[in-house]
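One structure is given below, encoded as structure tokens.
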2 protein chains.
Amino acid sequence: MNLKQFSKLLGLSPTTVSRALGGYPEVKEETRRRVRDAARQHGYSPNRRAASLATGRAMAIGHVIPTALNHEMVNPIFADFIAGAGEVYARAGYDMLLSVVPDGDEERAYRQMADAGSVDGLIVHGPRDDDPRIALLRETGLPFVVHGRAAVEQTDYSFIDIDNARAFQRATDLLLDLGHRRIAFLNGLEGMDFARRRRTGFERALTGRSLVPLPDLMSSTEMTEHQGHANAARMLARADAPTAFLVSSLIMAIGVRRAIEDRGLRMGRDVSVVIHDDMLSYLMNGEDVPIFTGTRSSVRAAGRRCAEVLLAQIGAERAPPVQDVWECDLVLGGSTGPAPLSERRS
Amino acid sequence: MNLKQFSKLLGLSPTTVSRALGGYPEVKEETRRRVRDAARQHGYSPNRRAASLATGRAMAIGHVIPTALNHEMVNPIFADFIAGAGEVYARAGYDMLLSVVPDGDEERAYRQMADAGSVDGLIVHGPRDDDPRIALLRETGLPFVVHGRAAVEQTDYSFIDIDNARAFQRATDLLLDLGHRRIAFLNGLEGMDFARRRRTGFERALTGRSLVPLPDLMSSTEMTEHQGHANAARMLARADAPTAFLVSSLIMAIGVRRAIEDRGLRMGRDVSVVIHDDMLSYLMNGEDVPIFTGTRSSVRAAGRRCAEVLLAQIGAERAPPVQDVWECDLVLGGSTGPAPLSERRS
DNA sequence: TGAAATGATCAAAGCGGTTTGGAAAAATGC
DNA sequence: GCATTTTTCCAAACCGCTTTGATCATTTCA
């Protein structure tokens with residue numbers, strides 16, 4: 001059923017019907033009601049593509065999901081991020097266009113979405129240090145919002161990020177306050193901007209107390225359960241095993257916990273663990289008392305906010321960029337305790 | 001840059017340019033090359049919406065992601081499923097349209113995508129018993145493929161599913177063979193078709209050995225770590241605690257393991273656990289020897305297959321429905337062992 | 001009562017492509 | 001060399017909607 005047929009059915013012109021449904025004031029209320037009812041009854045809905053073509057607005061937002069560097073991994077935070085953003089799009093009548101691409105092809109995917117005019121704006125996921133996508137998008141003129149941020153030229157684009165450096169500095173300080181000195185740090189892949197900032201925070205806390213970061217107790221990998229287990233196991237097997245772990249994700253920390261228990265140790269008593277928690281819906285960090293002590297920030301809320309900012313940006317061209325840097329809560333759970341007494345002197 | 005401008009630039013007609021890029025044989029190879037090069041150089045790409053409108057094909061597939069029943073949960077398997085499907089779409093030049101909707105509004109979302117003509121086909125996620133969406137989609141005439149299946153009238157639609165009943169029967173048989181008699185079953189939400197089938201398999205194995213399922217040792221919840229922990233903890237606290245758990249998801253089993261270890265017991269020795277593993281990329285079940293014994297089937301592969309079947313269905317109208325039921329591997333890991341001797345008699 | 005203002009509806013021109021039915025140019029056959 | 005076929009290109013008609021500018025009907029005001 002198209003507009004022409006539908007309007008003939010009603011004995012009205014296409015113009016009037018279109019305006020009635022569009023909510024324009026030029027049409028009598030009674031007529032509008034009649035049109036609305038008929039539309040519902042006959043299942044008429046304006047063809048999206050035709051409407052887009054006519055208005056020049058795609059009414060869609062693009063997300064490019066990279067499948068991570070080597071392995072074919074999809075970052076598990078996407079599900080929640082997208083759920084958050086999706087809520088906002090749905091309310092505003094926007095579609096969400098997803099493009100899943102191998103990790104190198106992202107630029108091509110962005111450019112193609114832009115050139116083909118299939119979206120009105122884009123969300124950039126997982127920015128790297130000095131990410132080339134930002135320059136590219138700026139060039140296309142399409143509004144975009146970055147989840148996270150890139151290191152360079154933060155002046156002229158919108159982003160929503162957490163204060164990774166500060167969060168990890170505070171987390172490290174907590175462990176130091178508890179007397180831990182040999183603190184291992186299991187981070188995400190270097191090259192990702194967030195991982196670099198987190199390392200900065202970790203190192204800043206250590207040097208703040210005249211300690212030096214030990215390369216042997218730092219790793220930088222994909223944040224899987226497996227990597228958490230493998231790296232923690234390796235470190236715990238050392239003569240100078242760490243007494244605490246700072247871990248970049250909850251999933252990774254589950255592997256760390258497994259490694260701890262494999263050695264017959266108990267998390268929170270023998271070995272402390274502090275994490276960053278993205279508050280994923282299917283991996284709640286305990287109910288009352290959190291399982292893991294950690295910094296936390298809802299990635300779903302970030303998705304919502306990114307979407308809101310982007311839609312605002314699309315609505316009001318030439319709006320100044322929005323740059324949110326969210327503070328994380330640091331919440332105490334059951335995974336931390338004082339360093340064993342024998343360690344305190346060091 | 002639009003077609004008219006671009007073709008003027010080349011001194012050709014829009015027709016010829018469109019055909020050159022579309023790969024039609026009516027245009028000289030040399031001309032085609034010239035057009036292609038110029039397109040790349042000037043960043044010309046046919047407007048997607050206009051092309052769709054003209055051809056009548058949206059070149060997009062719709063996915064409706066429900067945020068689960070009560071809590072605002074997004075099923076974590078979506079990330080991997082979508083990654084699989086996305087690969088196939090990308091290769092075929094299709095877009096993926098995502099709609100995230102609260103759990104009741106799914107029907108409306110499907111109908112709207114269909115009426116507005118924004119997609120050429122749909123994937124149905126998480127079918128329930130007797131799912132109304134299937135009748136609805138059949139009515140719209142839009143091709144669709146179900147991931148999983150609904151209980152009724154399986155004759156005339158395409159689906160990709162695993163043999164849940166058989167997988168869970170085999171898993172239960174394994175535990176029975178190991179001497180376990182008090183086997184707890186932590187399932188997904190009843191109402192979901194897969195959960196019903198899994199329960200059927202579980203019960204069939206028990207009754208096959210003249211045992212009766214104990215309602216106190218069965219739960220049916222969202223498959224989160226938290227639910228796994230809470231239910232396992234409750235059951236383990238009973239006088240007649242189970243010696244084994246059959247668990248519907250790896251994430252849930254992580255909670256079960258935590259509950260086991262909270263009681264000072266050891267998984268695989270004191271308590272056995274068998275899971276179903278969707279082989280999510282960020283939650284690999286160990287590397288060499290799996291952590292958890294379990295049935296398994298790649299949800300990413302299912303995503304790929306669903307997409308392939310759907311595209312084929314779109315290409316060849318009136319093709320017979322494809323109905324794949326995949327057998328799961330049952331892989332031994334470290335989470336299972338013989339029932340404690342004291343239990344064997346029962 | 002007639003002119004002006006207001007309200008309700010409509011015809012037609014896009015939006016940016018694809019595709020049909022030719023026409024012009026080049027190649028082929030006799 | 002001319003008729004015929006093949007190749008290469010093009011003009012114009014759509015696809016289904018929105019929106020501008022105009023028309024017709026009704027109301028208001030002097």
Side-chain angles (χ1 to χ4, degrees), chain A residues 1-36 38-39 42-60 93-95 112-120 142, chain B residues 1-36 38-39 42-60 93-95 112-120 142:
Chain A
M1 168 95 68
N2 64 20
L3 177 58
K4 202 150 88 182
Q5 295 162 5
F6 180 60
S7 55
K8 188 172 296 173
L9 196 97
L10 282 165
L12 291 170
S13 78
T15 309
T16 305
V17 172
S18 173
R19 289 194 149 146
L21 293 172
Y24 287 80
E26 292 94 335
V27 46
K28 208 180 353 184
E29 257 325 307
E30 184 206 318
T31 310
R32 187 195 309 286
R33 193 164 29 245
R34 194 159 65 90
V35 172
R36 284 228 175 104
H42 293 83
Y44 170 75
S45 179
N47 182 295
R48 199 68 190 254
R49 305 191 297 280
S52 288
L53 187 56
T55 57
R57 281 166 306 149
M59 295 306 284
Y94 275 74
D95 289 332
Q112 210 225 296
M113 278 192 179
D115 288 347
S118 19
V119 298
D120 298 319
L142 221 54
Chain B
M1 168 94 68
N2 64 19
L3 178 59
K4 201 150 88 182
Q5 296 162 6
F6 180 60
S7 55
K8 188 171 296 172
L9 196 97
L10 283 166
L12 291 170
S13 80
T15 308
T16 305
V17 172
S18 173
R19 290 195 150 148
L21 293 173
Y24 287 80
E26 293 93 335
V27 47
K28 206 175 3 179
E29 258 323 307
E30 185 205 316
T31 310
R32 186 195 309 285
R33 196 165 27 245
R34 196 159 65 91
V35 172
R36 283 228 175 106
H42 293 84
Y44 170 75
S45 179
N47 181 296
R48 198 70 191 251
R49 305 191 295 281
S52 290
L53 186 55
T55 57
R57 281 165 306 149
M59 295 305 285
Y94 275 74
D95 289 332
Q112 210 225 296
M113 280 194 180
D115 289 347
S118 18
V119 298
D120 298 319
L142 221 54

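Because the structure is predicted, anything quoted here is derived from the model rather than measured.
Here the closest heavy-atom approach between residue Q112(B) and residue R48(A) is recorded as NE2-NH1, 4.1 Å.
Residue S18(B) has its side chain nearest to dT18(C) when only dC10(C), dT18(D), dT18(C) are considered. Taking only side-chain atoms of R19(A), from C-beta outward, the nucleotide of dG17(C), dG21(D), dT18(D) with the closest atom is dG21(D). Ranking dG16(C), dA11(D), dG16(D) by closeness to the T15(B) side chain, first place goes to dA11(D). When distances are taken from the side chain of P46(A) to each of dT18(D), dC10(D), dT20(D), the shortest belongs to dT18(D).
At whole-Å resolution of the value, CG in D115(A) and P in dG16(C) are 14 Å apart. Rounded to whole Å, the distance from CZ on R48(A) to P on dT18(D) is 11 Å. The separation between R57(A) atom CZ and dG14(C) atom P is 20 Å, rounded to whole Å. Here dA8(C) presents its P atom at 13 Å from CZ of R33(A), a figure rounded to the nearest Å. Whole-Å rounding puts the E26(B) CD to dG21(C) C1' distance at 12 Å. Between L10(B) atom CG and dC10(D) atom C1' the separation is 15 Å, expressed in whole Å. Computed from coordinates, the K8(A) NZ to dT9(C) P distance equals 19 Å when rounded to whole Å.
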Show every donor-acceptor pair shorter than 3.5 Å between a side-chain atom in residues 14-27 of chain B and any protein atom, with sequence neighbours excluded, or say none if there are none.
residue	atom	partner	partner atom	Å
T16(B)	OG1	S13(B)	OG	3.2

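Between T16(B) and dC10(D), a side-chain N or O to OP1/OP2 separation shorter than 4.0 Å is present. Phosphate contact (OP1/OP2 of dG16(C), side-chain N/O of N2(B), threshold under 4.0 Å): present. Considering only side-chain N and O atoms, S13(B) lies under 4.0 angstrom from the phosphate OP1 or OP2 of dC10(D).
Residue-level contact check: S52(A) touches neither bases nor backbone, having no heavy atom under 4.0 Å from any strand. Looking at heavy-atom distances under 4.0 Å, T55(A) makes contact with sugar-phosphate atoms alone, never a base. Heavy atoms of Y44(B) sit under 4.0 angstrom from primed sugar atoms or phosphate atoms, though from no base atom. Here Y24(A) lies in heavy-atom contact (under 4.0 Å) with sugar-phosphate atoms only.
Each of T31(B) and L53(B) has a nearest nucleotide on DNA chain D; the 5'-most of these lies closest to T31(B). Comparing G11(B) and A54(B) along DNA chain D, the residue whose closest nucleotide (by nearest heavy atom) sits nearer the 5' end is G11(B). Between P14(A) and K28(A), the residue anchored closer to the 5' end of DNA chain C is K28(A), taking for each the nucleotide with the nearest heavy atom.
How far CZ of R49(B) is from OG of S118(B): 13.0 Å, rounded to the nearest 0.5 Å. In this structure, CG on D120(B) lies 7.5 Å from CE on M59(B), to the nearest 0.5 angstrom. Rounded to the nearest 0.5 Å, atoms OG (S52(A)) and CG (N47(B)) are 9.0 Å apart.
Using a 4.5 Å heavy-atom cutoff, the side chains of L9(A) and Y44(A) are not in contact. Looking at heavy atoms from C-beta onward, R34(B) lies in side-chain contact with L12(B) at the 4.5 angstrom threshold.
Helix-axis bend for the helix from dT1(C)-dA30(D) to dC30(C)-dG1(D): the local axis fitted to the five terminal pairs at one end deviates from that at the other end by 40°, rounded to 10°.
Looking at E29(B) and R32(B), a side-chain N of the basic residue comes within less than 4.0 Å of a carboxylate O on the acidic one, giving a salt bridge.
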